[in-house]
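Since the structure comes first, as structure tokens, the remarks are kept for the end.
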Amino acid sequence: DEEDEDSCPRKLQLTEERHSQKVASHYNTLQECGLEERNKSRILHMRNFNNWLKSILIGEILEQVRQERRDVCVLDLGCGKGGDLLKWRKGHISRLVCADIAAVSVEQCQQRYNDMKRKCHPNERIFSAEFITADCTKELLSDKLKDAEMKFDVCSCQFVYHYSFESHEQADTMLRNACERLRPGGFFIGTTPDAYELVKRLELSDSNSFGNEVYSVTFQKKGEYPLFGCQYDFNLEGVVNVPEFLVYFPLFEEMAKKYNMRLVYKKTFYEFFQEKIKNEQNKLLMQRMSALEQYPADDRSKLASENPEEYEHAKGKSECADVRLPLGTLSKSEWEATSIYLVFVFEKMS
Ligand code: SAM
């Protein structure tokens with residue numbers, strides 16, 4: 001049947017290509033806006049919360065890796081515009097490889113890195129970096145790396161892995177890219193929507209979609225959830241509006257075994273938050289991150305790289321601010337959106 005995509009590989013391939021192009025062009029056209037613009041966003045607290053969570057996750061993993069190694073190499077898979085560059089800087093890594101399907105994002109990421117390097121204190125040794133534009137669900141990064149023998153200590157895949165669950169082959173290629181060049185004892189860490197949460201909310205809804213004023217999720221079908229290619233549209237205040245795919249976690253865990261990966265933990269954002277906020281340092285970081293919002297004229301990352309002292313000063317001042325925990329700060333709608341996600345950590349066994 002000409003219309004049956006499953007029985008027509010060429011057509012399926014064309015559909016997949018269209019989808020990849022859609023993802024790339026969507027992220028390519030997202031405008032880089034200043035902090036002032038971002039402050040107006042209804043999802044500002046949610047962005048801050050997600051950033052806090054990634055900072056804790058990345059910080060903890062780097063600390064663990066550093067117990068064994070001095071020079072730490074990281075792969076940022078689906079790096080976007082480089083939202084985590086400051087976290088890598090703070091974690092004193094030695095080398096970073098950034099890869100993303102969206103060429104414009106990769107360029108912006110490289111630009112940010114160059115600015116950071118140019119403006120840093122002469123005594124600070126900033127990590128070296130390499131930038132790759134590739135569809136990581138279809139192309140092998142090993143073929144594109146400057147040093148084909150390169151090994152990583154950490155692969156970080158933040159809010160990206162779900163794009164690969166379109167087909168088994170794509171999910172496997174993405175996993176291969178994430179894990180094949182990890183050293184034994186290295187980590188694959190990330191954040192991705194929780195399929196249980198998505199399906200639970202869908203089943204509770206009386207239509208094919210659910211959400212609120214900040215996010216909406218629309219499935220094509222209700223009641224049938226194929227392991228691959230189970231597409232839904234995720235819409236988040238103009239931030240993401242491209243098709244995504246359900247990641248059934250037990251399958252992901254099973255597939256990762258092919259690359260000798262052992263699941264260290266999987267936690268919902270809420271579980272992660274509850275556990276990590278007990279730590280005083282993490283609580284302080286949360287205060288600082290939300291209090292820095294009070295400096296709308298200053299672009300935080302710009303401030304941090306141009307004038308680290310002033311940045312520290314701003315952070316210091318913010319310690320006097322009220323403790324603003326996400327459940328109090330995030331609106332109910334923002335919390336509903338962010339609580340869809342989970343955090344995962346895998347370790348390479350051999
Ligand atoms: N990791 C960044 C962060 O946390 O800020 C960006 C996250 S953004 C929600 C998702 C990113 O995944 C986008 O930059 C997008 O271009 C990238 N992406 C989607 N599909 C991809 C693919 N097949 N290969 C590589 N990158 C992909």
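Remember, predicted model here, so these are calculated numbers, not experimental data.
Residues E334 and L44 come closest through the heavy atom pair OE2-N, 3.6 Å. Between L62 and G91, the shortest heavy-atom contact is CD1-CA, 3.6 Å. Taking every heavy atom of both residues into account, K267 and E271 meet most closely at CA-OE1, 3.3 Å. F188 approaches L175 most closely through the heavy-atom pair CE2-CD2, 3.9 Å. Between D233 and P243 the shortest heavy-atom distance is OD1-CA, 3.7 Å. The minimum heavy-atom distance between C109 and G82, with the atom names listed, is SG-CA, 3.6 Å.
The line from OG of S350 to CE of M261 is 10.5 Å long, rounded to the nearest 0.5 Å. Atom CD of Q231 and atom CD of E244 lie 10.0 Å apart (nearest 0.5 Å). Note: T191 OG1 to F344 CZ = 7.0 Å, rounded to the nearest 0.5 Å. Here the straight-line distance linking atom CD of Q158 with atom CG of D84 works out to 6.0 Å at 0.5 Å rounding. With rounding to the nearest 0.5 angstrom, the CG atom of L198 is 9.5 Å from the SG atom of C230. The distance from the NZ atom of K117 to the CZ atom of R125 is 9.5 Å, given to the nearest 0.5 Å.
A 6.0 Å sphere centred on CD of E203 holds more than 12 heavy atoms belonging to other residues, nucleotides or ligands. Summarising the local packing, CD of E169 is surrounded by 12 or fewer heavy atoms from other residues, nucleotides or ligands at distances under 6.0 Å. No more than 12 heavy atoms of other residues, nucleotides or ligands lie within 6.0 Å of OH in Y248, so this atom counts as exposed by the packing criterion. The environment of CD in E68 is sparse: at most 12 heavy-atom neighbours from other residues, nucleotides or ligands sit within 6.0 Å. Within a 6.0 Å radius of NZ in K222, other residues, nucleotides and ligands contribute more than 12 heavy atoms. Summarising the local packing, OH of Y265 is surrounded by more than 12 heavy atoms from other residues, nucleotides or ligands at distances under 6.0 Å.
No side-chain heavy atom of V217 sits under 4.5 Å from any side-chain heavy atom of L202. No side-chain heavy atom of F245 sits less than 4.5 Å from a side-chain heavy atom of H162. The side-chain heavy atoms of L96 and L85, taken from C-beta on, include a pair separated by under 4.5 Å. Side-chain contact between P193 and Y341 is present, with heavy atoms from C-beta onward closer than 4.5 Å. L251 is listed as a side-chain neighbour of M255, based on a closest heavy-atom distance under 4.5 Å.
L140 and L182 are not part of a single hydrophobic cluster, where members link through side-chain heavy atoms under 4.5 Å apart. Taking hydrophobic clusters as Ile, Leu, Val, Met, Phe, Trp and Tyr residues chained together by side-chain heavy-atom distances below 4.5 Å, L227 shares a cluster with V247. One hydrophobic cluster holds both V72 and V264 under the rule that ILVMFWY side chains link at heavy-atom gaps under 4.5 Å.
No donor-acceptor pair under 3.5 Å is formed between the side chain of T338 and the backbone N or O of W335. At least one donor-acceptor pair under 3.5 Å links the side chain of W52 to the backbone N or O of N282. Between the side chain of N177 and the backbone N or O of L141 there is at least one donor-acceptor pair closer than 3.5 Å. Of the possible donor and acceptor atoms, one in the side chain of N208 sits under 3.5 Å from a partner among the backbone N and O of Q220. At distances below 3.5 Å, not a single donor-acceptor pair connects side-chain atoms of Y215 with backbone N or O atoms of E213. Not a single donor-acceptor pair under 3.5 Å links the side chain of D100 to the backbone N or O of A103.
A salt bridge is defined here as a Lys NZ or Arg NE, NH1 or NH2 lying under 4.0 Å from an Asp or Glu carboxylate O, and E60 with K276 meets this definition. Ion pairing of E197 with R201 is present here, as a side-chain N (NZ or NE/NH1/NH2) and a carboxylate O approach within less than 4.0 Å. Of the charged side-chain nitrogens involved, none lies within less than 4.0 Å of a carboxylate oxygen, so that D115 and R112 do not count as a salt-bridged pair.
Between F159 and F269, the angle of the ring planes goes over 60°, which puts this pair in the perpendicular group of the 30/60° scheme.
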Pair F272-L57, side-chain contact (heavy atoms from CB on, under 4.5 Å): steps then yes or no: CA-CA 9 Å; F272 188 88; L57 173 66; 4.1 Å; yes

Chi angles and distances behind the ring-ring contact (aromatic ring centres under 6.0 Å, His included) call for F131, Y113: CA-CA 10 Å; F131 301 86; Y113 167 76; 5.7 Å; yes

Check against salt bridge (charged side-chain N to carboxylate O under 4.0 Å, His left out), E124 and R89: CA-CA 10 Å; E124 187 181 349; R89 179 187 186 180; 2.9 Å; yes

Going through the distances and angles, do F127 and V74 end up as a side-chain contact (heavy atoms from CB on, under 4.5 Å)? CA-CA 10 Å; F127 55 86; V74 174; over 6 Å; no

Test side-chain contact (heavy atoms from CB on, under 4.5 Å) on L236 and M46; report intermediate values, then the result. CA-CA 11 Å; L236 185 65; M46 180 178 155; 3.8 Å; yes

Step-by-step side-chain contact (heavy atoms from CB on, under 4.5 Å) determination, K283 to M286: CA-CA 5 Å; K283 204 184 270 182; M286 171 81 76; 5.5 Å; no

Atom pairs and distances, side-chain donor-acceptor, residues 144-151, under 3.5 Å, sequence neighbours left out:
residue: K144; atom: NZ; partner: T133; partner atom: O; Å: 3.2
residue: K144; atom: NZ; partner: E139; partner atom: OE1; Å: 3.1
residue: D147; atom: OD1; partner: E149; partner atom: N; Å: 2.9

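Here the options are T137, V160, V106, D135, the test is side-chain contact (heavy atoms from CB on, under 4.5 Å), and the partner is I101; only D135 passes. The residue from F219, F210, Y163 that alone fulfils the ring pair (Phe, Tyr, Trp, His ring centres under 6.0 Å) condition with Y232 is F219. Checking each of C98, C157, S156, S164 against L77 for a side-chain contact (heavy atoms from CB on, under 4.5 Å) leaves exactly one that passes, namely C157. When each of R95, R69, R66, Q64 is tested with D153 by the rule side-chain hydrogen bond (donor to acceptor under 3.5 Å, both in side chains), just one qualifies, namely R69.
Pairs passing the ring pair (Phe, Tyr, Trp, His ring centres under 6.0 Å) check and including a residue from residues 164-184, sequence neighbours excluded, read Y161-F165, F165-F228, H168-F228.
Shown here are the ring pair (Phe, Tyr, Trp, His ring centres under 6.0 Å) partners of F249, two or more places apart in sequence or in another chain: F252.
If you check the side chains of D172 and Y259, you find a donor sitting under 3.5 Å from an acceptor.
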